[in-house]
Number of protein chains: 2
Amino acid sequence: MVKFFGYNIEKGLPMKEASTEKVILTAARTVFTRKGKDGARMQEIADEAGVNKMLLHYYFRSKEKLFHRVVEEIIEQVVNSVVKISAQAERFEDFLRTFIDLHIDFLRENHDMLTFLLWEAKKDTGLVHTVLGKFSSMGGTPLDYLAAKIHYAVQKEEIRPVEPIEFVLNIASLDIFPFIVLPPIASVVNLSDSRMDALVEKRKKEIFRLLWNDIKINNGKS
Amino acid sequence: MVKFFGYNIEKGLPMKEASTEKVILTAARTVFTRKGKDGARMQEIADEAGVNKMLLHYYFRSKEKLFHRVVEEIIEQVVNSVVKISAQAERFEDFLRTFIDLHIDFLRENHDMLTFLLWEAKKDTGLVHTVLGKFSSMGGTPLDYLAAKIHYAVQKEEIRPVEPIEFVLNIASLDIFPFIVLPPIASVVNLSDSRMDALVEKRKKEIFRLLWNDIKINNGKS
DNA sequence: GTCTATATTTCGATAGAC
DNA sequence: GTCTATCGAAATATAGAC
């Protein structure tokens, strides 16, 4: 294909097809999240992308640099998603229900990069720096955001006073952990996708019920 | 040192010092849980053990076999601990409080192998088979055990009826997840050990309160 | 930009002396 | 059982033609 500044000269149209660089990046993300930084092979990434191995070095110089590009992209996506689904609804009850719903939908679609990110962060805490930096450039960590949200809801007497750190740990744990353990187990016990989906939808209700019952204030209701 | 069937001939005493094999195994566990199967280097394990690299092959033939020995040991320890701390107390309230307490104590001591195990299980689901096999040889999975425990407590009207799978996911998530995310974060934000310990002890109470309030039956109390 | 061929390094594994 | 020396495979990275 003849390319010129992102335009496909042959067809005279803006290129919608992925550039070689983008193809490689996508393939690298697939392989890295599956095998990890150390287990991934440049050859496997090239095969996954359907390009010559040498091109990975042409575009990204080294495995190390390619890895960092992939991780930055993942962190960018994760942080943006969390920030986006945090900005929901006025009443705390609605906020909580919506947050759990969207958060779990996001996790279901991206559970592959979950364990990967946690593992790489344990080996190299530089990743944690990147995540925290990205959050603060977006206006604050989820902890900061939720603390403000809780403070407001308490004043409005929607919920009882709760410690933000405890609440964040509760919701993060309940939302995220199943997507770390269940996928490996599911592939062993032959849990079908549809049964998995049903389980996930039930979890949404269960998590909301558990957390909301714990903090809500009943105004005149039994 | 002159050795003969586990006896130290020079001193005429049973050997309390670790054998070379045991020293290697311990070092391997340290390095594998820190760097993962792919990131670990035989040389680094040898250095950690303070022995010649060649001895690793003498005792374990290959990196693959050494890795599997380490993983089997870890799984053995994890399963035994879970089974052990599950067999506690008659009343469900006491059982729950004690389980959370001991489970979290165990996790605090062994959080290094947590992310490692979850990561390796994601890459190679053979590990899941090993875990499930070990559990069934010990009388059943935690899910089986808790289902029976719940059934009994419901009959005694100590708790309302609950779905075992939901309850297991709730308690596992709340107990385990913090030990996956917090250690990397703690090392970045300079959270001291004592403050971490305080946080953990508060978590125990918070988790028990949250779960118990959700399932208990109030007999005549407000 | 893309290919083939090759350089360079790292690492698991073995041989053989003691 | 333990050591030194070394092999051979793999994997990252580069050279140079097209």
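Below, chain A is the first sequence line, B the second, and so on; all start at residue 1.
- Remark: P of C:dC11 and CG of B:L66 are 16 Å apart, rounded to the nearest angstrom.
- Between atom NZ of residue A:K37 and atom NZ of residue B:K35 there is a gap of 10.5 Å, rounded to the nearest 0.5 Å.
- The six-membered or imidazole ring of B:F67 lies near that of B:F32, with a centre-to-centre distance under 6.0 Å.
- Here B:Y58 does not reach the OP1 or OP2 of C:dA13: none of its side-chain N or O atoms lies under 4.0 Å away.
- Following rounding to the nearest Å, B:L56 (CG) and D:dT2 (C1') show an atom-to-atom distance of 12 Å.
- Residues A:S194 and A:D197 bring no donor and acceptor atom of their side chains to less than 3.5 Å of each other.
- Between A:F60 atom CZ and C:dG1 atom P the separation is 12 Å, expressed in whole Å.
- Under the 30°/60° scheme for interplanar angles, the aromatic rings of B:F208 and B:W212 are found to lie parallel.
- Under 3.5 Å, the side chains of B:N170 and A:R203 contain a donor-acceptor pair of N or O atoms.
- Taking only side-chain nitrogens and oxygens, B:T20 never comes nearer than 4.0 Å to OP1 or OP2 of D:dG1.
- Atom CG of residue A:L199 and atom CG of residue A:L182 lie 6.0 Å apart, to the nearest 0.5 angstrom.
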Counting primed atoms, P, OP1 and OP2 as sugar-phosphate and everything else as base, the B/S/- map of nucleotides 4-18 of chain D against protein heavy atoms under 4.0 Å is B------SBBBB---
